[in-house]
Structure formats: structure tokens, C-alpha cells
2 protein chains.
Amino acid sequence: MSSKCEQCIVRQFSSLKALNKEELLKMAECKTSYIIKKGEPIFEEGETTNGIFCIKDGVCKLTKLSANGKDQIVKLVKPGELLGQRSLISEEPTNLSAVALEDMEVCFIPKKEIMEFFNENNQFSMNVMKTICGDLKDADDHMVSLAQKSVKERLAETLLHLEDTFGKNEDGTLHIQLSREELAGMIGTATESCIRLLSEFNKTGLIELIGKKIAIVDRNKLKRMSE
Amino acid sequence: MSSKCEQCIVRQFSSLKALNKEELLKMAECKTSYIIKKGEPIFEEGETTNGIFCIKDGVCKLTKLSANGKDQIVKLVKPGELLGQRSLISEEPTNLSAVALEDMEVCFIPKKEIMEFFNENNQFSMNVMKTICGDLKDADDHMVSLAQKSVKERLAETLLHLEDTFGKNEDGTLHIQLSREELAGMIGTATESCIRLLSEFNKTGLIELIGKKIAIVDRNKLKRMSE
DNA sequence: AAATTTGTATGACAAATATCATATTTTAAT
DNA sequence: ATTAAAATATGATATTTGTCATACAAATTT
């Protein structure tokens with residue numbers, strides 16, 4: 001028996017907040033829930049998903065494999081967000097892979113129902129459009145950053161962004177747990193270069209390295225460095 | 001007296017093809033036509049546009065000023081496409097500037113009418129969504145390219161893209177006319193580096209430089225080089 | 001618990017790219 | 001037509017970044 005969608009966190013934060021009781025009921029009936037273990041894919045580049053995923057818990061990375069074999073992280077997606085809207089609307093296979101960075105809980109809603117919501121609920125369409133527009137703006141910003149900033153500036157920028165978006169633990173370390181390789185994949189550099197710069201930031205008191213974890217020590221300096 | 005929108009090139013290629021006779025008539029009445037001279041802006045980063053622009057003739061660049069003062073070219077927009085959809089939907093000021101690369105003819109449609117089309121014509125909404133999704137996919141691809149490819153690879157890739165998208169003149173040179181600085185701004189590198197590589201491509205027979213113009217000589221080699 | 005694999009760290013060096021200087025050509029202004 | 005300004009071109013050099021090698025630490029498997 002499916003659980004209700006009415007009180008789900010995803011509904012509060014995503015385009016789905018526009019859905020009415022009847023629509024939510026329909027969704028609760030057609031949805032499938034999944035548990036995805038850390039490291040496992042939700043979908044992979046080139047797949048046809050035929051629906052969208054709602055992220056109830058856990059963070060995942062959207063990556064694209066580049067010609068040289070490295071995974072570029074395009075975006076991190078957190079609870080409350082939807083996944084796979086783009087390829088559903090474009091009616092194309094996904095151009096990105098989604099891989100869990102933590103254990104995740106997700107729900108899958110089939111294309112059929114989503115398309116019905118589009119047709120019947122204008123506010124829902126508008127919300128989805130706004131989300132995608134937001135993604136596009138972020139992508140443009142990211143693009144300029146990759147094109148015009150140095151690796152050092154991008155690392156500083158990314159560390160701040162990670163703290164702002166995912167928060168920190170009691171010991172001040174970033175809550176989101178990325179390997180050095182993944183962090184390098186976000187800023188578009190070699191893993192060794194990323195490690196070297198973290199080490200440098202550590203020595204100059206910008207951050208503190210506690211095992212594999214990273215704590216931001218001097219936010220202001222880091223901010224200045226990112227510009 | 002406004003001219004009709006029914007036969008306009010923009011209608012054939014853009015989301016506007018979903019509009020019916022009545023809607024086109026409404027649009028013809030509310031639109032304003034502009035002539036934009038080469039080098040002039042249509043709008044600038046941070047402005048609130050309050051409507052969308054239809055490009056009837058001429059190509060423009062969408063740029064974003066980076067912290068180091070260089071203009072990054074995010075996208076080139078050609079006749080038949082719409083401009084300013086993102087910020088209209090997000091209800092935010094534009095994050096990009098639009099500057100004419102050639103003399104242009106554009107029409108401005110106020111926000112009010114566009115929103116009415118959204119509400120009354122589902123196919124139109126769907127078309128706009130698809131366009132924005134396409135832009136998002138392109139942005140992701142571009143991002144990976146900037147992050148993972150060398151300047152040489154990006155230049156090769158960009159030259160091919162420019163020929164594919166904008167065609168060539170009778171003498172084989174690229175039809176779209178970009179300065180070296182603008183080309184550098186597309187691939188995200190210093191102008192000197194761009195010039196140097198063009199010079200190298202010229203010497204190795206990949207391209208031919210005819211004054212400021214560029215002709216692709218060996219497409220296949222250039223393709224292989226871009227990967 | 002020992003062994004293997006994986007991730008992190010650092011040095012040495014090579015390659016890519018940016019920067020600065022300057023020459024030349026082209027375009028625009030007077 | 002002359003001059004000034006802007007764009008293109010190229011060399012010299014510094015800086016950034018990537019690659020390869022290797023060491024060490026942590027996690028995982030046996």
C-alpha cells in the first residue's frame with residue numbers, strides 16, 4: 001500500500017506544491033518508492049526514464065562523462081527536488097547520470113501522470129518552468145566560472161557553495177561528504193590539483209582538514225579569494 | 001501600423017508556432033519593432049525586460065561579464081529564436097546581456113500578452129518549456145567542455161559548431177563574423193591564445209585565414225581534434 | 001590480523017595557458 | 001589624406017595546471 005504524498009517533504013519544496021488533493025491522490029496511487037544505496041545510480045546517461053523522480057531523502061550528483069573519461073559533476077540535487085524533468089519534457093534520453101552520494105529515498109512518478117498534471121494544472125507547469133529556468137541560470141553562472149576563473153578561485157567558490165547549500169556538522173565540517181575526486185569533478189580539475197590546493201588552503205588557515213572532512217575557517221578570506 | 005505576425009520567420013521556427021490566428025492578431029497589435037545596429041545592446045545584464053524579443057533578422061550574442069572583466073559568450077542567438085524567456089518566467093532581471101553581432105530586426109512582445117498565451121495555450125507553454133530544456137542541455141554540454149577539454153579542443157569544436165549553425169560564404173569562410181576577442185570569449189581563453197591557435201591551425205592546414213575571416217579546410221581532422 | 005585495494009598526499013617535472021611587450025595591419029576619425 | 005585608435009599577430013616569459021611517480025593512510029576483503 002502506497003503512503004500518502006500530501007505531507008511529503010518533496011511536495012513542500014518542489015513544483016508539486018501546486019497539485020491539489022485529487023492530483024496528490026492520483027500521484028500516491030501511481031508512484032513507486034525506491035531505496036538507493038550510496039554509490040548506486042538512479043539512472044544513467046543515455047537511459048530513457050519515462051517519468052520523474054522525487055527526492056525524499058539523501059543527496060545525489062548529476063554527472064556527465066567527458067571524452068577523456070572523467071566525470072564532470074553538473075549539479076548536486078537535494079531532498080525536495082525533482083529529477084529527470086528535462087529529458088521528460090524534451091522527450092529525449094537523459095544527458096546526465098544521477099548517482100547517490102548518500103543512501104537515498106526516492107519516488108518515481110510515471111510520465112503519463114506528469115503529463116496529465118501539465119495539461120490540467122497551469123500552476124504546476126509554471127512551477128516546473130521556473131525550476132528549469134533556475135537551473136539554466138545556475139548553469140550559465142557555472143559556465144562563466146569554469147571559463148574565466150582559476151582552479152583556486154573555483155575551489156574557494158565551491159567550498160562556500162557547499163556549506164551554504166548543505167550546511168555543516170557540529171564540528172564545523174561540511175555536511176555533504178564528497179571524495180577529493182568528486183570535488184575535483186565539480187570544479188573541473190585533476191584530483192591531485194584539488195588535493196594540493198586543499199592542502200594549501202589548510203596551511204594558510206582558510207580551511208581545516210579533519211581527516212577527509214573539510215571545515216571552513218575563514219569565510220571572508222575564502223569569499224575574497226573566490227572573486 | 002503594425003505588420004502581421006502570421007508569415008513572420010520567427011513564427012515558423014519558435015514556440016510561437018503554437019499560436020492560433022486570434023492570438024497572432026493580438027500579438028501583431030501589441031508588438032513593437034526595433035532595428036538594432038551591430039554592436040548595440042538589446043538588453044543588458046541586470047535589466048528588467050518585461051517581455052520577450054523575437055529575432056526576425058541578424059545574430060546576437062548572449063554574454064555575461066566575469067569578475068576579471070572579460071565577457072563570456074554563453075550562447076549565440078539567430079533569427080527565428082526568442083530572447084528573454086528565462087527572466088520573464090523567473091520574474092527576475094536578466095542574468096545576461098544581448099548584443100547584436102550584425103544589424104538586427106527584432107520585435108518586442110510585452111509580458112502581459114505572453115502570460116496570457118501561457119494561460120490559454122498549453123501547446124505554447126510546452127514549446128517554451130522544450131526550448132528552455134534544450135538550452136539547459138546545451139549549457140550542460142558546454143560546461144563539461146569548458147571543464148574537461150583543452151583550449152585547442154574547444155577551439156576546434158567551436159569552429160565546427162559555428163559552421164554547422166551559421167553556414168559559410170561562397171569563399172568557404174564562416175558566415176558569422178566574430179572578432180578574435182569574441183571567439184576567445186566563446187571558448188573561454190585569452191584573446192592572444194585564441195589568435196595563436198588559429199595561426200597554428202592555419203599552418204597545419206586545418207583552417208585557412210583570409211584576412212579576419214576563417215575557412216574550415218579539413219573538417220575531419222578538426223572533428224578528431226575536438227574530441 | 002594480514003593482505004589487498006582504494007583514497008589521500010606530495011614531489012618532480014612537463015605541458016598548457018596567461019601575461020606582457022611590441023610589431024603590424026586594419027579600421028575609424030579628423 | 002593623415003592621424004589616431006583598434007584589432008590582429010607573434011615572441012619572450014611567468015604562471016598555472018596536469019601528469020607521472022611514489023608514499024602513506026584508511027577502508028575493505030580475505
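Note on naming: letters A, B, ... go to the chains in the order of the sequence lines (proteins, then strands), and numbering restarts at 1 for each one.
For the pair A:Arg154 and A:Glu192, both in contact range of DNA chain D, the more 5′-proximal nearest nucleotide belongs to A:Arg154. In terms of position along DNA chain C, the nucleotide closest to A:Ile195 lies nearer the 5' end than the nucleotide closest to the other residue of the pair A:Ile195 and B:Leu197. Where A:Ala147 and A:Glu181 each meet DNA chain C at their nearest nucleotide, the meeting point lying more 5' is that of A:Glu181. Judged by closest nucleotide on DNA chain D, A:Ser193 is the one of A:Ser193 and A:Lys212 placed further toward the 5' end.
With rounding to whole Å, B:Leu209 atom CG is found 11 Å from D:dT8 atom P. Here C:dT26 presents its P atom at 14 Å from CD1 of B:Ile210, a figure rounded to the nearest Å. Between the C1' atom of D:dT8 and the NZ atom of B:Lys203 lies a distance of 13 Å, rounded to the nearest Å. Following rounding to the nearest Å, B:Gln177 (CD) and D:dT8 (C1') show an atom-to-atom distance of 13 Å. Atom-to-atom, NZ of B:Lys213 to P of D:dA9 comes out at 15 Å; the value is rounded to the nearest Å. If you measure from atom CG of B:Leu183 to atom P of D:dA9, you get 11 Å, rounded to the nearest angstrom. Between the C1' atom of C:dT6 and the NZ atom of A:Lys38 lies a distance of 13 Å, rounded to the nearest Å. In this structure, B:Gln148 places its CD atom 13 Å from P of C:dT17, rounding to the nearest Å.
Residues A:Ser66 and A:Asn68 bring a donor and an acceptor atom of their side chains to less than 3.5 Å of each other.
With rounding to the nearest 0.5 Å, the separation of CG in B:Asp140 from NE2 in A:His142 is 10.0 Å.
A salt bridge does not link A:Arg86 to A:Glu91: none of the charged side-chain nitrogens sits closer than 4.0 Å to a carboxylate oxygen. For the pair B:Lys223 and B:Asp218, the salt-bridge criterion is not met [side-chain N within less than 4.0 Å of a carboxylate O].
The base of D:dT10 is not paired with the side chain of B:Arg180 by any donor and acceptor separated by under 3.5 Å. Judged by atom type and distance alone, A:Arg196 does not reach the base of D:dG18 through any side-chain donor-acceptor pair under 3.5 Å.
Using a 4.0 Å heavy-atom cutoff across all strands shown, B:Thr189 reaches sugar-phosphate atoms only and no base atom.
Remark: B:Ser199 is in phosphate contact with D:dT10, judged by side-chain N or O atoms under 4.0 Å from OP1 or OP2. Contact annotation: A:Lys149 side-chain N/O to C:dA18 OP1/OP2 distance is not under 4.0 Å.
Taking each heavy atom of A:Cys60 and A:Ala100 in turn, the nearest pair found is CB-CA, 3.9 Å.
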